[in-house]
Amino acid sequence: MAEGSLSEAAITHSLGTSFIGQRVIYYPVLASTMEIARLEAQKGASEGTVVVADRQTAGRGRIKRLWLSPEGSIAISIILRPDISCLPYLVMVASLAVVHSIEWATGLEPQIKWPNDVLIGNKKVSGILIENGLRGENVDYSILGIGININLKVSGFPDIAGIATSLSDELGRHVLRLGLVRRLLVEVERLYLAAKQGEPVFEEWRDRLVTLGKRVQLRSGKDTYRGIAQSVKPDGSLILRQPDGRLVEIVAGDILPD
Ligand code: BTN
């Protein structure tokens, strides 16, 4: 096995979690880990089942965008079965888990752009997509989709070259993907369990947001807002102070590039 190469056994062996990553489904290449994870969840896969791929041919981003997943990146979808009260915390769990595992693996200091993009030096290194399946008023499953640019030369991808970075571009060296993936799963489990108690996860996520205090332009559905990102609420929504002084609460949206 090449150094850092992925396999189901390499990821699960002595992982030290109680449920996240205890079952891993690995693909060298697939369309999207979200699709396979959804099918697995609908077939009854247990909480913590992970679908991981080296490369995706139709990676999905937020707001129906495409997510580029070439060789050297990593694509992961984790099946959860949370209580509905826990849903707002999943963006916090996922983004903090990415931040902690990158810090652990590289010593770099990533930041979070509301709600859950992970940045290094103002460039995106990781994206997170959460899809939920509801059954009546309950959550049947939630899938945490996490993509990280690990070992790739972003300059070779003109579509993202100006706005994205990778760990290897930042460090000028290769990063072992296996260790990073294993740490990510450990962190997801730890934070997910903490999230069931709410506050500690919210406070750390809020304190890591690079967005607060900044003048931003934001798209939410068909609406565009401008203003100063003033604060966030424990349910994850953003409070924006608009130029006329009025506050608006944005539940879901996307901060547009400067
Ligand atoms: C975004 O920032 O727009 C979210 C990107 C999410 C990408 C991940 S990669 C693993 C999972 N599979 C997908 O097709 N998308 C998510």
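Order of appearance sets the numbers: ligands from 1, and atoms from 1 within every ligand. Bear in mind that the values here come from a model prediction, so they are computed numbers and not experimental data.
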Are Arg60 and Glu131 ion-paired here, with the side-chain N under 4.0 Å from a carboxylate O?
yes
Do we see a donor-acceptor contact under 3.5 Å between the side chains of Asp54 and Tyr26?
yes
Would you say the side-chain atoms of Glu189 and Ser18 include a donor-acceptor pair closer than 3.5 Å?
yes
Contacts of [X] that satisfy side-chain contact (heavy atoms from CB on, under 4.5 Å) - sequence neighbours left out:
X: Ala41; answer: Ile79, Arg81, Tyr141
X: Asn151; answer: Ser168, His174, Val175, Arg177
X: Leu68; answer: Pro70, Phe157, Ile160

Note down each nitrogen or oxygen pair, ligand 1 side and protein side, whose separation is under 3.5 Å; give only atom names and the distance to 0.1 Å.
{"residue": "ligand 1", "atom": "2 (O)", "partner": "Lys124", "partner atom": "NZ", "Å": "2.6"}
{"residue": "ligand 1", "atom": "3 (O)", "partner": "Arg62", "partner atom": "N", "Å": "2.7"}
{"residue": "ligand 1", "atom": "12 (N)", "partner": "Thr33", "partner atom": "OG1", "Å": "2.9"}
{"residue": "ligand 1", "atom": "12 (N)", "partner": "Gln56", "partner atom": "OE1", "Å": "2.9"}
{"residue": "ligand 1", "atom": "14 (O)", "partner": "Ser32", "partner atom": "OG", "Å": "2.7"}
{"residue": "ligand 1", "atom": "14 (O)", "partner": "Gln56", "partner atom": "OE1", "Å": "3.3"}
{"residue": "ligand 1", "atom": "14 (O)", "partner": "Arg60", "partner atom": "N", "Å": "2.6"}
{"residue": "ligand 1", "atom": "15 (N)", "partner": "Arg60", "partner atom": "O", "Å": "2.7"}

